[in-house]
Amino acid sequence: MPQQEPSTSRLVQVGLLAWLIPGAGHYAVGQKGLAAVFCIAITFPYAVGLAIGGAKSFASPTANRWLFVAELPIGGYTMPAYLLSTTLDRRIEARRQRGETIDLTEYVAYFPAADVAQIYLATAGLLNILAILDALSRAQYGEPTFHRDRRPAPEEPPAA
Amino acid sequence: MSALLLTALVNAGPPGGLLAMLFVNPLPLPSGARLWMLLPLLLCVATVYRASRARHVRELPLATLLTFINILVGMLLIAAGFYGLHRLVFRFL
């Protein structure tokens, strides 16, 4: 257990770091090994999902609103992916205006790859919520999120 | 700044730029690979779940493996149950 209760600003800092990059919150509280584990286990499905689906539609709030919401818990990845998506939209629109024929399969995955991409991306986002909560728990109590659930109940004081 | 960088990478075309290669053009997924994609995702889920309960990294490998097997067996049982239900529906309806 930490000797002192951490300040609110410290908790906000840990939460923001964990939101930006998976594992960064754990790194900030000194859990470097767990930070690497969280980073790899969350970055991998996100990168695989985005690579299979393509950034154009799979990091776009207009093309796939609920998927974008599910990706938002990894802010440091989703914001650049969103910028890439808007850049691609502008590029495709410019090509259309030049009269070029656009084959959207060049930029967007369809069934069945689209399903796999969505599941990977949404799972990565939801896993990072768990990582953020765990980083906050470790910053505040010095224990993992679920560890307190396993603590034995305090013993009843002996009857007088 | 990041938008400019991304634009430069995207405009570099498929041969240039790691982002262009990775995230602009979707990677082809062989049809037979769809079910196998479950395994790495399950491993990630098991790892994160166990990591959120662990005090040290050394507790992770065995616990993660057990959780991975638990989830996989559970998913297989659910799939078998639905397959059986599907066969029953076709048999009696």
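Numbers restart at 1 for each chain; the letters A, B, ... are given by sequence-line order, proteins then strands. Atoms considered below: every heavy atom in the structure, side chains included; atoms not considered: hydrogens, waters and symmetry mates.
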request  = Identify which of B/Leu29, B/Leu60, B/Val48, B/Val57 forms the greatest number of heavy-atom pairs closer than 4.5 Å to chain A.
outcome  =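 Heavy-atom pair counts peak at B/Val48.
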
ask   = Between B/Ala51, B/Pro40, B/Pro26, which residue shows the highest count of heavy-atom pairs closer than 4.5 Å to chain A?
value = B/Pro26

key: Choice from A/Ala113, A/Pro112, A/Ala36, A/Gly33 maximising heavy atom contacts with chain B below 4.5 Å   = A/Pro112

message = For chain B, which candidate among A/Asp115, A/Thr86, A/Asp134 shows the most heavy-atom pairs at distances under 4.5 Å?
response = A/Asp134

task = Assess the pair B/Phe90 and B/His86: is the distance between their ring centroids shorter than 6.0 Å?
result = yes

Portion of [X] that has a non-hydrogen atom of chain B nearer than 4.5 angstrom:
X: A/Phe111; answer: side chain
X: A/Phe38; answer: side chain
X: A/Val108; answer: backbone

ask   = Judged by modelled atom types alone, do A/Tyr46 and A/Thr78 share a side-chain donor-acceptor pair under 3.5 Å?
value = yes

request  = Answer yes when B/Arg50 and B/Glu59 have at least one side-chain N-carboxylate O distance shorter than 4.0 Å, and no when they do not.
outcome  = no

Count the heavy atoms belonging to other residues, nucleotides or ligands that lie under 6.0 Å from [atom1] of [X], then report whether that count exceeds 12.
X: B/Arg58; atom1: CZ; result: no
X: B/Phe68; atom1: CZ; result: yes
X: A/Ile21; atom1: CD1; result: no

query = Does any heavy atom of chain A fall under 4.5 Å from the side chain of B/Leu43, the backbone, both, or neither of them?
reply =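 Neither part; nothing is under 4.5 Å.
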
